[in-house]
Colleague: 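My structure is below; once you've seen it, I'll send some questions.
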Protein chains: 2
Amino acid sequence: MGGRAEKDMLFDTFASVAKVLGSGRRAEIVDVLAQGERPVDELAREIGQTVANTSQHLQQLLRPGLVSARRQGTRIYYRLSGPSVVRLWAAVRQVAAEHVEELDELAAAYLGTRSGLDVLTRSELAERMAAGDVVVLDVRPEPEFRSGHIAGAVSVPVRELAGRLKELPDGRTVVAYCRGQYCVFADEAVRMMHARGLPAARLEDGYPEWVAAGLPVEADGLHSPA
Amino acid sequence: MGGRAEKDMLFDTFASVAKVLGSGRRAEIVDVLAQGERPVDELAREIGQTVANTSQHLQQLLRPGLVSARRQGTRIYYRLSGPSVVRLWAAVRQVAAEHVEELDELAAAYLGTRSGLDVLTRSELAERMAAGDVVVLDVRPEPEFRSGHIAGAVSVPVRELAGRLKELPDGRTVVAYCRGQYCVFADEAVRMMHARGLPAARLEDGYPEWVAAGLPVEADGLHSPA
DNA sequence: ACTCTATTCAAGTAGATACTTGAATACCAC
DNA sequence: GTGGTATTCAAGTATCTACTTGAATAGAGT
């Protein structure tokens with residue numbers, strides 16, 4: 001007890017948790033799983049990797065317990081093991097945002113410039129929803145909406161938005177949201193609506209942050225108990 | 001913009017932050033730096049590695065900006081770049097504590113059993129300090145005390161404690177604290193005092209958590225402005 | 001039973017990582 | 001300038017990692 005070997009093993013164990021997040025592909029997996037559980041093949045398509053490689057990444061996330069799995073028929077659904085994993089992923093992005101210089105350029109290259117894009121914080125959106133002032137649009141792929149969304153939001157995946165613009169009520173501002181601050185869907189939706197002359201804004205971050213803040217959510221159209 | 005290559009680069013950048021914490025030795029370095037800045041050779045001694053190896057680990061922590069350095073004469077002092085790094089390290093330990101099964105055994109092997117060891121939370125300690133009820137003992141090495149400690153604490157490094165037990169006032173409970181939950185110093189101090197029949201307890205976590213909670217600290221005997 | 005699909009396993013390869021060793025650099029004191 | 005100390009750099013080696021490919025497993029439908 002108290003020796004160097006024991007100390008090394010203890011810190012190696014802490015490090016093993018950080019290590020599995022130390023791959024861009026696994027980070028993408030965690031980012032997607034923060035939206036809700038997913039089977040392997042969907043994750044593979046999402047991160048642009050083979051199923052075999054995705055499966056192996058998932059095994060690595062499984063070992064230190066960052067994700068859990070449940071079998072349903074022939075599919076295996078993976079999910080994050082708990083809210084502390086969501087907080088860890090948020091802490092990683094926060095440090096990157098504050099201290100990695102080239103992040104801004106990379107984000108701009110992926111997301112495009114956000115100048116002229118109206119942004120609402122979570123609390124601003126919550127207030128305006130209470131005032132009945134806005135329509136909230138969930139522009140993520142529909143399975144993510146089904147597994148959980150902001151209470152009162154309407155699902156219009158960004159790929160279907162162009163054909164469904166006439167469904168939107170006019171007079172009220174549309175606020176789009178998606179997976180988080182570094183997710184493109186809401187940006188694309190707001191740009192599309194602006195191009196049509198509709199008043200639109202995006203939520204600053206995304207669904208996982210809304211959940212973490214304890215704001216009201218629902219799943220499959222039912223209000224969640226929490 | 002919006003392509004797979006850009007997305008990969010963005011997530012590789014997030015991952016690069018997690019990756020540098022994915023080594024036990026670098027995790028130890030971060031844990032020590034959470035106590036305050038340190039020159040390379042002290043860090044090397046602390047983590048039981050050569051100076052060259054420690055220096056190389058520090059370069060890796062430097063690249064994504066987790067640590068910063070300042071030169072003073074012939075020494076170079078490294079420090080964590082900001083509070084978000086402390087939160088990240090806390091998030092890693094939290095996930096490990098919740099989801100890594102073997103952590104309990106490893107912690108017990110390093111720290112020894114904690115049964116019979118009285119533990120106070122931060123708020124309990126803050127209350128009892130306000131009541132003037134306790135003596136607070138900082139049992140970390142003295143340089144760490146000097147670079148910042150709980151306001152009102154007395155420095156008695158655990159290696160000197162045996163020879164200085166008579167300095168302690170009797171009648172009041174002694175509460176020892178050190179670097180955090182997984183730090184041995186406070187445990188050793190409490191065991192030593194218990195063996196002498198003195199009423200003693202340890203703070204549940206340590207100095208970085210006290211700072212993060214916004215509780216009062218001081219450095220070099222002067223009250224800090226924050 | 002056979003077939004289809006989702007997932008995992010196993011082996012192979014190119015590239016990265018941790019630690020060592022010995023030399024180079026940078027500052028300070030004289 | 002010289003000598004001394006703290007730190008970094010560069011090269012070498014053993015080990016690990018990411019991704020690929022092709023085969024194995026496991027459940028569902030017929």
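Every value quoted in this text rests on a predicted model; they were computed, and no experiment measured them. Both backbone and side-chain heavy atoms feed into the values below; hydrogens, waters and symmetry mates do not.
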Colleague: Calculate the interatomic distance between A:Arg71 atom CZ and C:dT5 atom P; express it in whole Å.
Modeller: 16 Å
Colleague: Looking at D:dA18, C:dA18, C:dT7, which one has an atom nearest to any side-chain atom of A:Arg26?
Modeller: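 Among D:dA18, C:dA18, C:dT7, the one nearest the side chain of A:Arg26 is D:dA18.
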Colleague: Which nucleotide wins on minimum distance to the side chain of B:Ala52, given the candidates C:dT8, C:dT17, D:dC9?
Modeller: D:dC9
Colleague: Base, sugar-phosphate, or nothing: which does B:Gln59 touch, judged by heavy atoms less than 4.0 Å apart?
Modeller: sugar-phosphate
Colleague: Rounded to the nearest Å, what distance is computed from the CD1 atom of residue B:Ile76 to the P atom of nucleotide D:dT7?
Modeller: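 Rounded to whole Å, this separation is 7 Å.
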Colleague: Between A:Thr50 and B:Tyr77, just flag the one whose closest nucleotide in DNA chain D comes earlier from the 5' side.
Modeller: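 The residue whose closest nucleotide sits nearer the 5' end is B:Tyr77.
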Colleague: Is the distance from OP1 or OP2 of D:dT17 to the nearest side-chain N or O of A:Gln60 less than 4.0 Å?
Modeller: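 Indeed not, no polar side-chain atom of A:Gln60 lies that close.
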Colleague: Could you state the CG-C1' distance from B:Asn53 to D:dC9, rounded to the nearest angstrom?
Modeller: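 Checked: the CG to C1' distance equals 14 Å.
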Colleague: Assuming nearest nucleotide by heavy-atom distance, tell me which of A:Arg75 and A:Gln56 is located more 5' along DNA chain C.
Modeller: A:Arg75
Colleague: Rounded to whole angstroms, how far apart are CG on B:Asp12 and P on C:dG15?
Modeller: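 That distance rounds to 17 Å.
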Colleague: Can you measure B:Leu58 atom CG to C:dC19 atom P for me and round it to whole angstrom units?
Modeller: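 In whole Å, C:dC19 P and B:Leu58 CG are 13 Å from each other.
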Colleague: Applying the side chain to side chain contact (heavy atoms under 4.5 Å, CB included) test to B:His99, which of A:Val85, A:Val67, A:Leu80, A:Leu66 qualifies?
Modeller: A:Val85
Colleague: Could you tell me whether a side-chain N or O of B:Glu209 sits under 3.5 Å from a main-chain N or O of B:Gly206, the two making a donor and an acceptor?
Modeller: yes
Colleague: Check the pair A:Asp205 / A:Arg179 against salt bridge (charged side-chain N to carboxylate O under 4.0 Å, His left out), numbers first and verdict last.
Modeller: CA-CA 7 Å; A:Asp205 35 40; A:Arg179 292 175 179 166; over 6 Å; no
Colleague: Can you check the B:Arg25 CZ to D:dT15 P distance for me, whole Å?
Modeller: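 These atoms are roughly 18 Å apart.
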Colleague: Nearest to the B:Asp41 side chain among C:dA6, D:dA6, D:dT8, which nucleotide is it?
Modeller: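 Nearest to the side chain of B:Asp41 among the choices is D:dA6.
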Colleague: For A:Phe145 and A:His149, take the angle between the two ring planes, folded into 0 to 90°, and tell me which bin it lands in: parallel under 30, tilted 30 to 60, perpendicular over 60.
Modeller: parallel
Colleague: Should A:Tyr78 be listed as having a side-chain N or O under 4.0 Å from OP1 or OP2 of C:dA6?
Modeller: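 Checking A:Tyr78 against C:dA6: no side-chain N or O falls below 4.0 Å of OP1 or OP2.
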Colleague: Taking the side chain of B:Thr74 as its heavy atoms from C-beta onward, which of C:dA18, C:dC27, D:dT20 lies nearest to it?
Modeller: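 In terms of side-chain proximity for B:Thr74, the closest of C:dA18, C:dC27, D:dT20 is C:dC27.
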Colleague: Which part of the nucleic acid, if any, lies within reach of B:Glu42 when heavy atoms closer than 4.0 Å are counted: base, sugar-phosphate only, or nothing?
Modeller: nothing
Colleague: State whether the side chain of B:Ser81 and the backbone N or O of B:Gly65 hold a donor-acceptor pair below 3.5 Å, judged by distance alone.
Modeller: yes
Colleague: To the nearest angstrom, how far is B:Arg70 atom CZ from D:dT7 atom P?
Modeller: 12 Å
Colleague: May I ask you to decide whether A:Arg45 forms a salt bridge with A:Glu42, counting only side-chain N to carboxylate O separations under 4.0 Å?
Modeller: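 No, no charged N to carboxylate O under 4.0 Å.
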Colleague: Regarding A:Val51, tell me which of base, sugar-phosphate or nothing describes its non-hydrogen contacts under 4.0 Å with the strands shown.
Modeller: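 Base contact - A:Val51 has a heavy atom under 4.0 Å of at least one base atom.
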Colleague: Should A:Gln72 be listed as having a side-chain N or O under 4.0 Å from OP1 or OP2 of D:dG27?
Modeller: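 For A:Gln72, the contact criterion (side-chain N or O under 4.0 Å from OP1 or OP2 of D:dG27) is not met.
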Colleague: For C:dT17 and A:Lys19 - does any side-chain N or O of the residue sit under 4.0 Å from the phosphate oxygens OP1/OP2?
Modeller: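 For C:dT17, neither OP1 nor OP2 has a side-chain N or O of A:Lys19 closer than 4.0 Å.
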Colleague: What is the separation between atom NE2 on B:His57 and atom P on D:dC9, rounded to the nearest whole Å?
Modeller: 15 Å
